[in-house]
Amino acid sequence: MITERKPKNIFTQGPIAASFIADSIQKHDTKTNIGGHSIFLGQVRADVIEGSKVVAIEYTAYEEMALEKMHQIREAIFAKYPLVCMHVHHSLGKIAAGEICLFVFTSSEHRKAAIDACTETVERIKAELPIWGKEIFEDESYQWKENK
Amino acid sequence: MITERKPKNIFTQGPIAASFIADSIQKHDTKTNIGGHSIFLGQVRADVIEGSKVVAIEYTAYEEMALEKMHQIREAIFAKYPLVCMHVHHSLGKIAAGEICLFVFTSSEHRKAAIDACTETVERIKAELPIWGKEIFEDESYQWKENK
Amino acid sequence: MPVQVIVFGQLTDIMGNSPVTIENAVDTTDLIDQLNQRYPALVNKPYIIAVDKQIVTGHTTLSGNNTVALLPPFAGG
Amino acid sequence: MPVQVIVFGQLTDIMGNSPVTIENAVDTTDLIDQLNQRYPALVNKPYIIAVDKQIVTGHTTLSGNNTVALLPPFAGG
C-alpha cells in the first residue's frame, strides 16, 4: 500500500516568531515515542557588503514548484530516516536582520535520525527549493543573495 | 591573553518548558552576526520494558563534577568551532514522559559550525557528564537508564 | 503555440514581475533565442529552466500551453 | 586518613544516598577492598572512580581529606 502524504504549505508571510516555534515544540509532548528533536533556525544576518549593511532580506519563491519539490524531499527523508515527524517553515516577504526565516524541525525515537534528517533537509532546502532573497541595504539599494 | 569563561550552571529542577526555549531563541535577535541556530532537545520516552511503561525519568547528577566537565567541553567546542554562542540546560528531578530534559543550543555565522558543534556537544554530554536517570514505571517500580 | 514565461530573483530586474507571453516557440532553445533578442541583458545570466514546474536540460519540445520558468541560482534559507 | 565516599545512580541502591566515611585508606585499591567487604553487592558492579572530581584509573594514592566518588555508567540526556 502506498501512503500519500499531502503536500503541506511551508511558506509563511513575514518572520517566524519564537512563540510559533515554542507552540510547535509543545505540541509534541503527547508523542511519547519521541526521544530527540533536532531544530535548525536560519536567521537573517546584518552582513556588511562593500561598506553597506544588510537591514533585511526580501524572500520570494516559485511557490507551486517549491511545494512540489519540498514534498519530494520530505518523502525521500522519511524513506531514509526513521522519523516520527518533520515540520518545515520558510518565510516570504521582508525579514529584518535578527529575525528567523527558516525553521526545520525533525523528531525521532533515537537522536541520530532526527539530527541527520534535519541537517540533510536544510541542505536540500537551500540547494533545491526555488527561493530567492533580495538583500536590502540601509539606503534601500539591494543585491541578490547567493547561497554558498 | 587567556580569556576565562566562568562555569555556568546547566542544571534546572524539573522539565525544560517550551516557553523557556522560546525566550532563549528570542534573546538572539540582537545578535545580527548569527546566520544559523542548531537546537537539540531530549524528550523522555514512554518506553515499554518487559510489559511496563516508563512514566517518568528521575535525573540526578554529581553536580559539581558535571559543571566542571561541562565547562571543559564548552571550552573545547568553542576552540574547535567558530561559534557565536552556546547554551546548555539539563533537567534534574522527575521528568514525565513527553517532557523535555535536555536543551542544547548553538549559534554561528554560517550553519555548519552551529550544526556540528550542537551534535558534538550532545554526544559529549551523554558520554561524559556524571548524570543518572531512574526510569520509573506505572507501578512505581524502577530501573536505571542506560545510554546507548 | 503561445508560451507563458515567468522569471524570478535577479531576472525580474530584466524582465519584470509579470508573465511574458511568447507567441510561438517550438522548443526551449527557440524560446530562449527569442527572449535573448527581446531582453539582451538576459544573455549571460545564470539560470536553469523549468517547464511546467519540472527542471529540464537541453533542447525540450514545447507542446503548447506550457509555463516556462527561468530560475536563477536558489538562495533559500 | 579518613576518606569520604559518595555514590550515584544504581550504586545508591547498595550504599544509600549519604556519604560513607572510611576511616583509613591509603589508596583507591585499599578503599575499594574495604567497601567490597562492607557492601558485597558492590563487587561486580560497573563504575569508574573519581578522586576530588577527577577520574582516576588504577592504583591512586589518597592523601587525606579526599572525596572519592563511585560513578556507574552515565545516562544523561
Side-chain angles (χ1 to χ4, degrees), chain B residues 7 10-12 16 40-45 47 54 57-73 88-93 95 99-104 118-136 141-148, chain D residues 2-22 25 27-29 31-32 34-36 38-77:
Chain B
I10 64 166
F11 292 112
T12 186
I16 295 160
F40 179 81
L41 302 174
Q43 182 167 303
V44 174
R45 279 197 317 273
D47 281 350
V54 172
I57 296 180
E58 188 175 353
Y59 284 101
T60 49
Y62 186 3
E63 293 186 48
E64 305 90 315
M65 184 177 161
L67 296 183
E68 282 188 12
K69 191 74 205 169
M70 187 64 229
H71 183 66
Q72 291 167 16
I73 294 171
V88 173
H89 300 275
H90 197 296
S91 293
L92 293 179
I95 314 303
E99 292 183 326
I100 305 289
C101 59
L102 174 62
F103 172 31
V104 177
C118 186
T119 303
E120 186 167 329
T121 302
V122 170
E123 296 305 318
R124 292 195 65 175
I125 285 170
K126 290 189 171 250
E128 298 177 41
L129 294 196
I131 300 173
W132 297 273
K134 194 189 238 185
E135 294 176 320
I136 300 168
S141 66
Y142 67 87
Q143 75 168 23
W144 292 93
K145 174 173 178 270
E146 286 181 27
N147 276 359
K148 287 179 193 170
Chain D
V3 180
Q4 289 267 89
V5 180
I6 54 177
V7 300
F8 297 91
Q10 42 273 63
L11 300 184
T12 61
D13 291 348
I14 298 167
M15 290 179 56
N17 286 296
S18 302
V20 168
T21 303
I22 296 293
D27 56 35
T28 49
T29 308
L31 179 75
I32 298 303
Q34 294 187 48
L35 288 172
N36 282 343
R38 207 152 132 187
Y39 305 98
L42 201 61
V43 175
N44 290 313
K45 289 289 179 294
Y47 57 82
I48 58 174
I49 299 171
V51 176
D52 301 330
K53 296 179 272 175
Q54 298 300 315
I55 291 168
V56 297
T57 50
H59 192 90
T60 302
T61 302
L62 297 170
S63 56
N65 287 319
N66 300 110
T67 297
V68 174
L70 307 189
L71 312 175
F74 303 157

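Each chain gets a letter, A, B and so on, in the order its sequence line appears, and its residues count up from 1. We use all heavy atoms of the structure for the numbers below, so side chains are in, but hydrogens, waters and symmetry mates are not.
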| Heavy atoms, side chains only, cut-off 4.5 Å: are B:Lys134 and D:Gln10 in contact? | no

The interface call for B:Ala61 against chain D, heavy-atom contacts under 4.5 Å, is backbone

**Report entry** Donor-acceptor contact present, side-chain B:Trp132 to main-chain D:Gly76, <3.5 Å
**Finding:** no

dist D:Leu71:CG -> B:Met65:CE (nearest 0.5 Å) comes out at 5.0 Å

Requested in this report: May I have the step-by-step check of side-chain contact (heavy atoms from CB on, under 4.5 Å) for B:Tyr142 and D:Asp13, ending in yes or no?
Outcome: CA-CA 11 Å; B:Tyr142 67 87; D:Asp13 291 348; 2.8 Å; yes

In short, B:Lys126 meets D:Gly77 closest at the heavy-atom pair NZ-C, 3.7 Å

So, the part of B:Ile131 with a heavy atom under 4.5 Å from chain D: the answer is both

Cut-off 4.5 Å, heavy atoms of chain D, and the answer for B:Glu68 is side chain

One should read off an interatomic distance between D:Phe74 CZ and B:Asn147 CG, to the nearest 0.5 angstrom, of 10.5 Å

Exceeds 12 heavy-atom contacts within 6.0 angstrom, atom CD of B:Glu146
no

Point to revise | 4.5 Å side-chain heavy-atom contact, B:Tyr62 and D:Ile6 | key: yes

Honestly, the part of B:Glu128 sitting under 4.5 Å from a heavy atom of chain D is backbone

